[in-house]
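What follows is a short report on a single structure.
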There are 2 protein chains.
Amino acid sequence: MSSEPISFSAESYFATQLPPPTLEHDIAGVRSFISRQQASGRNVVLVTSGGTTVPLELNVVRFLDNFSAGTRGATSAEYFLKSGYAVIFMHRQFSLQPFSRHYSHSTNPFLDFLEIDGISSTSSPPSESPPSESPPSESPPSSDPQITVTPSKRTHLLQVLTAYKQVHASETLHTLTFVTVNDYLWLLRAVSQELSVLNRKAMYYLAAAVSDFFLPRQKMSEHKIQSGKGSLHIEMDQVPKILKPMVDEWTRNGYIVSFKLETDPALLIPKARTSLERYGHQVVIGNDLNRRKFEVVFVERKTKTKNASGQDEFEENWLKIDLSKDKEKEIEEDIVRELVKRHEDWVRGGVLN
Amino acid sequence: MSSEPISFSAESYFATQLPPPTLEHDIAGVRSFISRQQASGRNVVLVTSGGTTVPLELNVVRFLDNFSAGTRGATSAEYFLKSGYAVIFMHRQFSLQPFSRHYSHSTNPFLDFLEIDGISSTSSPPSESPPSESPPSESPPSSDPQITVTPSKRTHLLQVLTAYKQVHASETLHTLTFVTVNDYLWLLRAVSQELSVLNRKAMYYLAAAVSDFFLPRQKMSEHKIQSGKGSLHIEMDQVPKILKPMVDEWTRNGYIVSFKLETDPALLIPKARTSLERYGHQVVIGNDLNRRKFEVVFVERKTKTKNASGQDEFEENWLKIDLSKDKEKEIEEDIVRELVKRHEDWVRGGVLN
């Protein structure tokens, strides 16, 4: 597994690595989703969410992963839907999804708030009785035990379920799944290219936690790496920086939001600025691993201001919420509201130009 | 991050790596669970399930992981419960769990089979009306929309829910959570030591996919590893083999089942035999990554037979199911039935000796 590091550009990456087998099928679905939204005049946002894996073996047993449950992406997708956007939700398999995220198996398992009426919890369900032939009584005839929702949980479930059914009925949510960083890169490029037909009405909200490193197909071992031979050595190459071709080639005047997650607060703003300078997109949302649930920073170009040497100037705006005052509040609500405002200006700017 | 590989024994591992902060609390819960089961005379099985992570940073962003959704462990736990065992289910955070596994967010999301009665799916829920003062009618008064289960899904949900409620009522399932391989090792040792009071009545069903390699605390970088400095080099040390101390020190005559997952079929049986010879436990269940849902092999010592040179002889028994005949059949049902038989003999053997 040890060999010379290879330096990949986006171009050489796609020329040497294989597309996922489901790509064409996935993109056909995306294309028809986008044309329906285009017909209805809706803005569309691509939300990427969850971590990406880097398999170490072709028959995958081990992989490198990035920490991400997908909370940011799944929560933001709900608020975008609420704001009238159509959402392409491109997420890591098994990461959280809009709506069902409220009922995680681990923190709020739904089986816990369903009840069986008509039997006690320790007996088995009664055998099926034939349909009742007796005259109608005050209560409706019921031959089977009924499943009901625990009263204290009803209001919240009804809210979530109602929003979920509305989104289904209006067909404004389209879900795509990836696992590896390779799946992610191929899918991101293809979806971005499709979405570019919407021009300024498309937003790209890149919340997935994407690996910076990967193991090219050519360097992978076929079978499970055997232990018992001392320590494990892994050498990975850098994933090409795809924001540059995304801005310059794949999208057309789309509004692009990237995220920067750091654990060292001193690096957050300098790295966000460097990213904007280098790739030329619209906003970097910076977040610190331990504070990301209640504060983020928007780093963006000052509009129509350049410094003495003609370079762009940047500004930072912190968004903070006070969880001690409102523990139900989700910072994604504010993030999305701020972005929707900026995106409206962006769409209007396009019309004026 | 590069330095000499360290060779860890179980002893030196626990002497140099830190226990998870929740260990004492977790073990207090396990202790009282075991003493309740001991009082009732039940057999207890420890089921480990899901993959373990190896963090690359102290403030974790990146980690190495092992492929495992936790299907084997979660499914087996249900069949052990059905067979009258009490189960300690020690699983990777967010991996599948008994009962709720039937309703994965990705493959069978529960919101899809709940319906709202009294409103159409595109309208918002009506505002709360005051309690009805009108005389009783044939149907019970209902001021709020009701949540009901889609008829086609009722029977299965009722089965799962009934089993789930029974297990809750009988308090025969105790759940523990781990994330890293370090959490896993500390928890496994402590739970095994507690469970050893049950002597032969304890079974250990080690289905978790545990990393063979780890990064000792002393070698981890504090913050997120920065990209932009070329390729990534990782060197990991071997996780100590814990089956040996588990058999010799942590447990006392417990019935120990380990798993061996390979992608190269030729390695499966030789590696399973080597494992039995080396550690002296009862059964290795071998499975091939791509065939594990419908065939496994039990590798075990032939009872009371040694070869000419006085060494143990081994036998292999394949367990296969035909999914084309019964696509609902789960191989874990057969695995658990076979193990329960063997465990009964094992418990009886202890009484006779």
Side-chain angles (χ1 to χ4, degrees), chain A residues 5 53 57 59-67 69 93-94 97 99-100 103 105-106 109-111 114 116 121-122 124-125 136 138-140 144-145 147 149 154 157-158 160-162 164-166 168-170 209 212-213 223-224 227 230-238 261-264 289, chain B residues 5 53 57 59-67 69 93-94 97 99-100 103 105-106 109-111 114 116 121-122 124-125 136 138-140 144-145 147 149 154 157-158 160-162 164-166 168-170 209 212-213 223-224 227 230-238 261-264 289:
Chain A
T53 69
E57 298 134 329
N59 284 293
V60 184
V61 175
R62 300 193 180 88
F63 52 89
L64 193 78
D65 205 342
N66 276 51
F67 164 79
Q93 186 186 28
F94 306 130
Q97 294 190 43
F99 307 111
S100 66
Y103 302 98
H105 294 321
S106 309
F110 87 101
L111 289 175
L114 294 182
I116 306 172
S121 59
T122 47
S124 4
E138 279 193 345
S139 58
D144 290 326
I147 300 167
V149 176
R154 279 194 63 242
L157 178 57
L158 201 54
V160 172
L161 195 58
T162 304
Y164 181 74
K165 301 273 176 198
Q166 282 171 348
H168 260 247
S170 63
D212 294 313
F213 303 100
H223 287 296
K224 186 178 172 188
S227 64
S231 58
L232 175 73
H233 292 254
I234 307 168
E235 272 188 52
M236 291 193 180
D237 297 310
Q238 274 195 54
L261 175 75
E262 293 293 337
T263 68
D264 181 353
L289 184 67
Chain B
T53 69
E57 300 135 328
N59 284 293
V60 184
V61 174
R62 298 192 181 87
F63 52 90
L64 193 78
D65 205 341
N66 276 51
F67 164 79
Q93 185 186 28
F94 306 130
Q97 294 189 43
F99 308 110
S100 67
Y103 301 97
H105 294 321
S106 310
F110 87 102
L111 289 175
L114 293 182
I116 305 172
S121 60
T122 47
S124 3
E138 279 193 344
S139 58
D144 290 326
I147 299 168
V149 177
R154 277 193 64 241
L157 178 57
L158 202 55
V160 173
L161 195 58
T162 304
Y164 181 73
K165 302 272 177 199
Q166 283 172 346
H168 261 247
S170 62
D212 293 313
F213 303 100
H223 287 297
K224 186 178 172 188
S227 66
S231 59
L232 175 74
H233 292 253
I234 307 169
E235 272 189 52
M236 291 194 180
D237 296 310
Q238 272 195 55
L261 176 75
E262 293 294 337
T263 67
D264 181 353
L289 183 66

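Each chain gets a letter, A, B and so on, in the order its sequence line appears, and its residues count up from 1. Here the structure is a predicted model, which is why all the values come from computation and not from measurement.
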Show the nearest heavy-atom pair for residues F63(A) and N66(B), with the distance to one decimal.
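Shortest heavy-atom separation between F63(A) and N66(B) comes out as CE2-C, 3.7 Å.
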Least distance between heavy atoms, L111(B) atom then S100(A) atom:
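Taking every non-hydrogen atom into account, CD1-N, 3.7 Å.
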Which distance, rounded to the nearest 0.5 Å, do you find between the [atom1] of [X] and the [atom2] of [Y]?
X: L161(A); Y: I147(B); atom1: CG; atom2: CD1; value: 6.0 Å
X: I116(B); Y: L158(A); atom1: CD1; atom2: CG; value: 5.0 Å
X: I234(B); Y: M236(A); atom1: CD1; atom2: CE; value: 5.0 Å

Contacting region of L289(B) [heavy-atom separation from chain A under 4.5 Å]
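For L289(B), the side chain is the part near chain A, not the backbone.
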Which residue out of Y164(A), Y103(A), F67(A) racks up the most heavy-atom pairs below 4.5 Å with chain B?
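Of the options given, most contacts go to Y164(A).
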Options H168(A), Q93(A), R154(A), ranked by heavy-atom pairs under 4.5 Å with chain B, top entry:
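It is R154(A).
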Would you check, one step at a time, whether the test side-chain contact (heavy atoms from CB on, under 4.5 Å) holds for D65(A) with T53(B)?
CA-CA 9 Å; D65(A) 205 342; T53(B) 69; over 6 Å; no
Begin from the C-alpha positions of V149(A) and L114(B) and carry the test side-chain contact (heavy atoms from CB on, under 4.5 Å) through to its verdict.
CA-CA 10 Å; V149(A) 176; L114(B) 293 182; 5.6 Å; no
